[in-house]
Amino acid sequence: MNIPKAYKPNKKEKGIYKLWEKTGHFNPENLPDRHEDPFTVLMPPPNANDPLHIGHAVFTTLQDIMIRYNRMQGKKALWLPGADHAGFETQVVFERKLEEKGKTRLNMEREEFYKQVWDYTQENRKVVKKQIKKLGASCDWSRDTFTLDEKVVETTYKTFKKMADEGLIYRRKRLVNYCTNHETAFSDLEVEHVTRKTPLYYIKYGPFILATTRPETKFGDTAIAVHPEDRKHRKYVGKEITVKTLLGERKIKIIADEAVDREFGTGAVKVTPAHSEVDFEIWQRHKDEMPEPIEVIDKNGKMTEAAGPYAGMPVKKARKKVAKDLKKEGLLQRTDEDYEHNLSVCYKCEKEIEPLLMKQWFIDIEPLAKPAIKAVKKGDVEIIPDNYRKVYLHWMENIKDWNVSRQNWWGIEIPAWKCTDCSTEEDEEWIITEGEKPEKCPECEGNNLEQDEDVFDTWFSSGQWPFATLLSEDEPELEKYYPTSVMETGYDILFFWVARMIMMGLYKTGKAPFETVYLHGLVRDKNREKMSKSKGNVINPIEVAERYGTDALRMSLTIGNMPGKDVTISENEIKGYRNYVNKIWNMFRFLMLRCEDYDPGSSPKLSKKDKKLMKEFEKKAKEITSDIENFEFSHAAESLYHYSWHRFADEIIEESKSVLDDEKKKKGRQKTLITIFAGILKLAHPFIPFVTEEIYQKMPLDEKKETLMIEEWPV
RNA sequence: GGGCGGUUAGCUCAGCGGCAGAGCAUCUCGCUUACAUCGAGAGGGUCGUGGGUUCGAAUCCUACACCGCCCACCA
């Protein structure tokens, strides 16, 4: 056998992946009989709007380790891949591309836009699929699912309908987080809080001085609020006073509410229910004392007619102008220029979120959250690392109703139709279906029905991924593979995705969608900095895999990667693991050179020393196995690395050189070395599948399977 | 404002009651017929700070400092 001195991963990997695919063993149904109990992992579907980044390589590696390990352990291992249409995210990416071409969505028909984005995502899917293969993922491509596949969309409709029927869906005018730049509402999760310096204005309101950062909203003030126990202001509570404003004199009532901080400003605040979350809640509590909210800002971020002469002005401009005019009128007492406060901004563009009163679809979330809390508390769902349990529970226990409608074009349309015959502004008549257009309005029999233009929050449908992909009620797949075994994903989407999947899985199937949640961290560079294109510190996983081999990349993403913690990676490190892979290759080379006369079927007598070496290996194998079972992949890989290199190669092989020269002891030692090395290959296969498979195919072994991939785990 | 995590060798991190560890980097020597993508060896740490528990603390408790993250309706 002519074995080259250096292993060239790039020449081999494609062929090895093809071999695996050819055997059909990625599909658990095609595995040999010994594979019985299912082990299921759903791949978090990568967004179909961009090629993979290093973060995708992290989860591909970890999940493939679990899948390959469990497959070798005799499980019916199913790893179901997919791609995410990623609603809003993709729309933003695509619109940016349009912009580069000097185009905009606003000059396009919605249908045409949708079609173009569809084509765009399908092209990207191909790229992503190729890349996932490059990373060695042993997933079942026959089940590859797109989040806009019929079964997913249908499931989404059905769930929404079920929720509506059970009274969990409501459409109401409520204060929502609105981004005037992206022209859509968001859930609370898509809002980020940043600390920024803004001027704090002290405005005179009759006898009061009110501190505010947003003087432009004063036209929407419907009350002045003070703390109920504030002696200073007590005499005014419940009274109506006449104050001078920029729009002339007006009457305003003073109310008392606990939410007011007595220490802030002068202890009295203006209440603007249409444009502030706290104020909206105050209004909810004092509805009979206060007039209806006055909206002074519109969806374009401009002042409304209610703002009198300021109408049409963008918010920021209006703010300055109002402040200036207040000063002119002597209504501004003073200004703190450097006031620091927390601002809500759009997570995508960082523009200030405008709280606006809008009619949106909400889910009454508490009935869903309660079982989801119980499932984790009871241990039906285990979260790794453990400390994220608390994080999850805290969020779940303080959860708020979920706004699931988005004013986007790319996504699953909400299956709700409004009857324009019998709907009024206050009282709308909506018909929710499982996707089909209703024939007529059940209320007035009219057939002028208009579908809601909004689409679902993408997380509403992806929250149903576990049962939507394995669906459905009429297919046995769900029975067999649901609940899934492990949900492996980043801690950054614990609330967005994991929490929603638990809630919706329990709601729809009565069972939590997975037994274990394993959370990995973000990938950072050597200086612990987040990777970003603008910083130029991005490591492209595919490029690196081509240069140093996928196995090397996978090792570097495994060792040092602890659950819940960010992982650092550098090219130098990858190079180090490239060396390791080559080292494994050369162990193989050595064995082949020194065991040319080895007969795999023979059972020579083993010396005491040989037996000791075998025992030592078994002990190591047990340790590594238990590490994997405990989700300690870093430990497992490190310990394997250390044993195979510094024990097996540096000591055992070195010591064996003289033994192999001894005709009497030779046969036994050959058997020992080859047996241990075959064991190392098996243990290493989940981590570095390519090189181990390549060697396995060439190894002279007594009993050999079609591939190492379906070999039996050594312990 | 609430919560979580971290602080151990130059760097990245293990260890979490019993002699301070790994990888990478550095230095010295060696192209020995598996591998120079290698081998043999070396240097390098008051384990953030103060107090406590203990026969014994990097490890447990407590206070503090600094760094990072998450959540939150201080206008």
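Residue numbers start from 1 in every chain, and the chains themselves are labelled A, B, ... in the order their sequence lines are given, proteins ahead of strands.
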Within the structure, does a side-chain N or O atom of [X] lie under 4.0 Å from either OP1 or OP2 of [N]?
X: A:Y7; N: B:C35; value: no
X: A:K400; N: B:C73; value: yes
X: A:K218; N: B:A75; value: no
X: A:K5; N: B:C35; value: yes
X: A:H394; N: B:G2; value: no
X: A:H646; N: B:G23; value: yes

Practice task
Report yes if a donor N or O on one partner sits less than 3.5 Å from an acceptor N or O on the other, where the partners are the side chain of A:K583 and the base of B:C35; otherwise report no.
Solution key: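 Present.
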
Problem - Between B:C38 (P) and A:E651 (CD): distance, integer Å - result: 17 Å

Exercise for the section: Find the distance A:D257:CG to B:C74:P and express it as a whole number of Å. Expected result: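 Value for this atom pair: 15 Å.
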
Handout entry: Given A:N387, A:L519, A:I502, A:I373, the one that forms side chain to side chain contact (heavy atoms under 4.5 Å, CB included) with A:Y392
Key =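 Going through the options one by one, the only one that passes is A:I502.
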
Handout entry: Cation-aromatic face contact A:K287/A:W283, 6.0 Å, 45 degrees
Key =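 Checked: cation-pi criterion met.
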
Problem - Between A:H520 and A:Y518, ring centroids under 6.0 Å - result: no

Practice task
For B:U46 versus B:C29, give the span between their P atoms, rounded off to a whole number of Å.
Solution key: 28 Å

Practice task
May I ask you to say whether A:D597 pairs ionically with A:K667, meaning some side-chain N is under 4.0 Å from a carboxylate O?
Solution key: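 A:K667 and A:D597: salt-bridged.
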
Problem - Counter-base of B:U37, judged by Watson-Crick or G-U geometry with both distances under 3.5 Å - result: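 Looking at the geometry, B:U37 pairs with no nucleotide.
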
